[in-house]
Amino acid sequence: MAWTWTGKTVAALTLMALLAGCGTATAVDTPEEAPRRTSAQATLIGRVSKALDAAFTAEYEWSEGGTVTVWAAADGTWRVDVPSWALDGTVDVTVAWTTGGFFQCAAGRCVKLAGITGEIPKDYDPKVQLPFVEWLPQLLDRHLPFAISQEGDCFTLTPSTVVVDPPIPAGEWCLDEGGQILAVESGAFGTLTLAGAPAEAVATVELPGELSDAEPLGRKAPPEPSPSIDPSATPAPDASGAPAPTPTPDPTPPPSAEEE
């Protein structure tokens, strides 16, 4: 007798195959992906991004001597007070950027150095303001010609290629996870180290002096003018040290015989 396939037979065989498969199945664990290690440069960029949005007032100990005060106002204006910088280290100066441009202030008077889109001339530039207002945005560039290494909160920038004029100098930057600059070391000005907890930012920067048409102050004192020669002054001494004799007027000639 021939075997005939019916719908019930096919259904029964299918069910048996499914049941057999369930008995031999094994669970396979999917391995978890290992956490990706963040590079030193990526960590630095993340902290710099926060630093660019920060507004604060803070004091930094300067390796050149004294305390530098940084005012990063809420409206984007800034001011940096630099101790003993001008005239051979005898005068404190302030450099500032406001809606009126760049200014240098000293001894209660302020002089405009450049317009709002200009820059501070190098002869009047103390450079300690540069990490906060000019170099910081450069650190976002992933193509900087530096090898970046990290130790704790500090990042060292070491030249990786021969670059004639890099956008920022090599050195070390220390920033906490919130983006606060803890320290900056550079051959351009030395080292700045945060002296204490930053204070609340001011709304806008005010210049610490009245506007003036005077000349700005440079790092070096100007040379003293040469003394002028006064014809009425006492003659200078000769080589022996004795003063030169004062010339006497010609004597009156004696009267002639006719006059007698």
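The shown structure was predicted, so the numbers you read here are calculated from the model rather than taken from an experiment.
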Kindly list each side-chain donor-acceptor pair under 3.5 angstrom involving residues 41-48, sequence neighbours excluded, with atom names and distances?
unit_1, atom_1, unit_2, atom_2, d
Gln41, NE2, Arg142, O, 3.4
Thr43, OG1, Ser39, O, 3.1
Arg47, NH1, Asp153, OD1, 2.7
Arg47, NH1, Leu175, O, 2.7

Show every donor-acceptor pair shorter than 3.5 Å between a side-chain atom in residues 98-113 and any protein atom, with sequence neighbours excluded, or say none if there are none.
unit_1, atom_1, unit_2, atom_2, d
Thr98, OG1, Gly100, N, 3.0
Gln104, OE1, Leu217, N, 2.8
Gln104, NE2, Leu217, O, 2.8
Arg109, NH2, Glu215, O, 3.2
Lys112, NZ, Gly100, O, 3.0

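Between Phe132 and Tyr60, a ring centre-to-centre spacing shorter than 6.0 Å is recorded.
In this structure, the side chains of Val80 and Val128 come closer than 4.5 Å at one or more pairs of heavy atoms. Proximity of Leu182 to Thr193: side-chain heavy atoms (C-beta onward) are nowhere separated by under 4.5 Å. For the pair Leu207 and Leu211, the minimum side-chain heavy-atom distance is below 4.5 Å. Between Pro137 and Leu52, some side-chain heavy-atom pair lies under the 4.5 Å cut-off. Between Leu192 and Val68, the closest side-chain pair of non-hydrogen atoms falls below 4.5 Å. In this structure the side chain of Cys174 never reaches within 4.5 angstrom of the side chain of Val184, judged on heavy atoms. With contacts defined as side-chain heavy-atom distances shorter than 4.5 Å, the pair Leu139/Ile168 qualifies.
Using a 3.5 Å distance cut-off with no hydrogens or angles, the side chains of Thr90 and Asp88 do not pair a donor with an acceptor.
Rounding to the nearest 0.5 angstrom, the gap separating the CD atom in Glu177 from the NZ atom in Lys50 is 7.0 Å. With rounding to the nearest 0.5 angstrom, the OG1 atom of Thr117 is 10.0 Å from the CH2 atom of Trp97.
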Margin query: Pair Ile181, Trp173 - check side chain to side chain contact (heavy atoms under 4.5 Å, CB included), show working.
Written below: CA-CA 8 Å; Ile181 296 178; Trp173 293 70; 4.3 Å; yes
Notebook entry, point to check: Checking side chain to side chain contact (heavy atoms under 4.5 Å, CB included) for the pair Glu64/Phe189: CA distance, chi angles, key distance, verdict?
Noted result: CA-CA 8 Å; Glu64 299 298 306; Phe189 57 79; 6.0 Å; no
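A side chain to side chain contact (heavy atoms under 4.5 Å, CB included) with Asp81 holds for exactly one of Thr69, Val93, Val95; it is Thr69.
Enclosure of atom CD in Gln138 by more than 12 non-hydrogen atoms of other residues, nucleotides or ligands within 6.0 angstrom is indicated.
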